[in-house]
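Index from 1, following the sequence.
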Amino acid sequence: MSSLHRLTATELAARIRRRDVSSREAVQDHLDRIERVNPEINAIVTLTADHALADADRADRALAHGVTPGPLHGVPVVYKDLHDTAGVRTTYGSTIYAGHVPTRDARIVARMKQAGAITLGKTNTPEFGTGSHTYNAVFGVTRNPYAPDRSAGGSSGGSAAALAAHMAPLASGTDMGGSLRNPASFCGVVGLRPSAGLVPASGDWCTLAVDGPMARTVEDVALMLSVIAGHDPASPLSWPGDGARFRDLVPQPMKGLRVAWGKDLGGLPVDKRVTDVLDTAGRPVFEGLGCFVQDREPDFTGADEAFRTWRAWYYAQWFGEEDRAALNPDTLWNIDAGLGLSGPELARAERHRIRLYAEVSRFFDDFDVLALPVAQVPPFPVETRWPDEIEGVRQTGYLDWMRSAYYISATGLPAISVPCGYTDNGLPVGIQLVGRPAGDLELLRIAHAFQLANAKS
């Protein structure tokens, strides 16, 4: 039983349902793994070991009494520390909330529990999810399991690191400017940014920030999505229907698939170590599957202004009344940018976003999927706040190096980071696959086929 942490969530759920193994055995094995590796990685910052074992015992008793199990019955999971967990400390990575214990679960947590998942604990995040490097004044920095001297990415860096280190088979994440995709790429796991509203998250109208699933395989991401997606009348953007269509994922037939191969999203600097991996490990997989691969990408004019403007507006809305003296400089910068916005600036940003959506919608008349770099750099030194230079091009702020992810956020398209290969010194590099509007299921099927073929190559 000491290797249960090596199983995928799909495999583990099936074995628990068949009663080949017990939920307690699965939970205990993952807790043992956490005890061994988490002190160095610092991915899980709040552990709920006793509660997890008690919940696992209840799950085993329910199976013994013939209860119909949910899709995740008895499977251990972890949640990003931005997601409220009833009775379990949730800090949002901020000293302001260092002792905060919510009384209600976030929707994503409630749905996972309803499907039978067992909570192991909470994963680290930068303050309020600000930035693509996971560190804060409450818990410190999260390290990359592939190279502990390197960043795990962010802001879902704790979740990605926990998955990569086999501390849990499933984890929750959030994504505004790449917070699911960037750490998935840095840690060699899978992170899906779903279309806005597919996973209902809150009662506001934000279309930039979404909740989403993370796992080590696309199949597991689809399994988790099948649980957390689905209509919620409390969410104004919520899609109709449930998430069952994402379960039992079948790979997409790839012969003749039209793949747009984007190198730099309109001239962004991209580290040669990243492009080398994508060109030598990623593109040949698509070509070997019989896909039609063409060097093309949409016109991303206006994406930068649209994203930064609306991001700043949301920060002012969400965090503008927090204690400024307790906030880190990056969070304050976002808030102040939002507080200083004018009506004409918001109107111009919305015009950019409208034009951008029309552009990508037309683009997908000619292509089935867009392949791009996830991050413009491989994992960087853990003591660095953010990369200040890429291929000789100066990066003037902490957002600059994330453009390859947040340009896609501005389009509203679903996007997924899938492991692609490794740099010469063994650092993971993911490939970003972007689907057509509302094309989450098709995107998952394509990503699944890519991952299976890439594993064989």
Side-chain angles (χ1 to χ4, degrees), residues 9 23 26-27 30-31 34 38 42-59 70-130 134 136 138-140 142 154-163 167-175 179-180 183 191 199-204 209-215 224-225 227-230 232 234-235 318-319:
S23 177
V27 167
H30 282 85
L31 290 174
I34 292 167
N38 193 58
N42 192 35
I44 298 175
V45 291
T46 298
L47 188 65
T48 57
D50 291 340
H51 287 294
L53 289 170
D55 288 344
D57 288 339
R58 281 190 285 271
L72 300 179
H73 188 91
V75 176
V77 303
V78 290
Y79 299 108
K80 185 176 182 177
D81 205 23
L82 292 186
H83 287 133
D84 283 354
T85 41
V88 177
R89 180 177 58 172
T90 303
T91 74
Y92 318 121
S94 169
T95 56
I96 299 171
Y97 294 95
H100 175 58
V101 179
T103 58
R104 299 180 63 181
D105 288 323
R107 286 175 179 84
I108 190 171
V109 175
R111 289 187 170 185
M112 294 283 280
K113 287 183 175 180
Q114 187 177 13
I118 307 294
T119 304
L120 292 180
K122 308 298 289 292
T123 60
N124 206 19
T125 179
E127 183 179 74
F128 299 123
T130 304
T134 298
N136 58 56
V138 185
F139 301 115
T142 295
S155 64
S156 307
S159 287
L163 291 167
M167 291 186 252
L170 295 175
S172 72
T174 65
D175 191 301
S179 290
L180 271 157
V199 178
S202 62
D204 62 32
V210 298
D211 289 348
M214 303 184 74
M224 182 170 166
L225 185 63
V227 167
I228 62 177
D232 184 338
S235 175
W318 292 333
F319 311 121

Kindly say whether [Y] contributes a backbone atom to a donor-acceptor pair with the side chain of [X] at under 3.5 angstrom?
X: Thr125; Y: Ser155; value: yes
X: Thr134; Y: Gly157; value: yes
X: His73; Y: Ala59; value: yes
X: Asn42; Y: Phe139; value: yes
X: Thr48; Y: His51; value: no

Go through the side-chain N and O atoms of [X] and [Y] and say whether any donor and acceptor fall under 3.5 Å apart.
X: Thr142; Y: Asn124; value: yes
X: Thr123; Y: Ser159; value: yes
X: Asp81; Y: Thr91; value: yes

| query | When you look at Leu225 and Val199, which way does the side chain to side chain contact (heavy atoms under 4.5 Å, CB included) test go after all the steps? | reply | CA-CA 8 Å; Leu225 185 63; Val199 178; 3.6 Å; yes
Looking only at non-hydrogen atoms, find the nearest pair between [X] and [Y] and report the distance.
X: His30; Y: Pro76; value: ND1-CG, 3.6 Å
X: Val227; Y: Ala115; value: CG1-CB, 3.5 Å
X: Ala162; Y: Ile44; value: CB-CG1, 4.3 Å
X: Gly154; Y: Pro183; value: O-CD, 3.3 Å
X: Gly74; Y: Ser23; value: O-OG, 2.9 Å

Result block: side-chain N/O donor-acceptor pairs under 3.5 angstrom for residues 167-174, not counting sequence neighbours:
from: Ser172; atom 1: OG; to: Lys80; atom 2: N; distance (Å): 2.9
from: Ser172; atom 1: OG; to: His83; atom 2: ND1; distance (Å): 2.9
from: Thr174; atom 1: OG1; to: Lys80; atom 2: NZ; distance (Å): 2.6

Using 0.5 Å steps for rounding, measure from the [atom1] atom of [X] to the [atom2] atom of [Y].
X: Phe319; Y: Ile96; atom1: CZ; atom2: CD1; answer: 10.0 Å
X: Phe128; Y: Leu82; atom1: CZ; atom2: CG; answer: 9.0 Å
X: Arg111; Y: Asp211; atom1: CZ; atom2: CG; answer: 11.0 Å
X: Thr95; Y: Asn136; atom1: OG1; atom2: CG; answer: 9.0 Å
X: Leu47; Y: Leu31; atom1: CG; atom2: CG; answer: 6.0 Å

| task | Tell me, with the steps shown, if Met224 and Met214 meet side chain to side chain contact (heavy atoms under 4.5 Å, CB included). | result | CA-CA 8 Å; Met224 182 170 166; Met214 303 184 74; over 6 Å; no
| said: Quick check: do Val27 and Leu120 have side-chain heavy atoms less than 4.5 Å from each other? | reply: yes
| said: A side-chain contact here means heavy atoms from C-beta on lying under 4.5 Å apart; do Val78 and Thr119 qualify? | reply: no
| request: With sequence neighbours excluded, tell me which residues meet salt bridge (charged side-chain N to carboxylate O under 4.0 Å, His left out) with Asp55. | output: Arg58
| Going through the checks in order, is the side chain to side chain contact (heavy atoms under 4.5 Å, CB included) test met by Tyr79 and Met112? | CA-CA 10 Å; Tyr79 299 108; Met112 294 283 280; 3.1 Å; yes
| request: Would you check, one step at a time, whether the test side chain to side chain contact (heavy atoms under 4.5 Å, CB included) holds for Ile118 with Val77? | output: CA-CA 6 Å; Ile118 307 294; Val77 303; over 6 Å; no
| said: Quick test of your reading: applying side chain to side chain donor-acceptor pair (under 3.5 Å), list the pairs with at least one residue in residues 98-107, sequence neighbours left out, ordered by first then second residue. | reply: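 The answer is Tyr92-His100, Asp105-Lys113, Arg107-Asp232.
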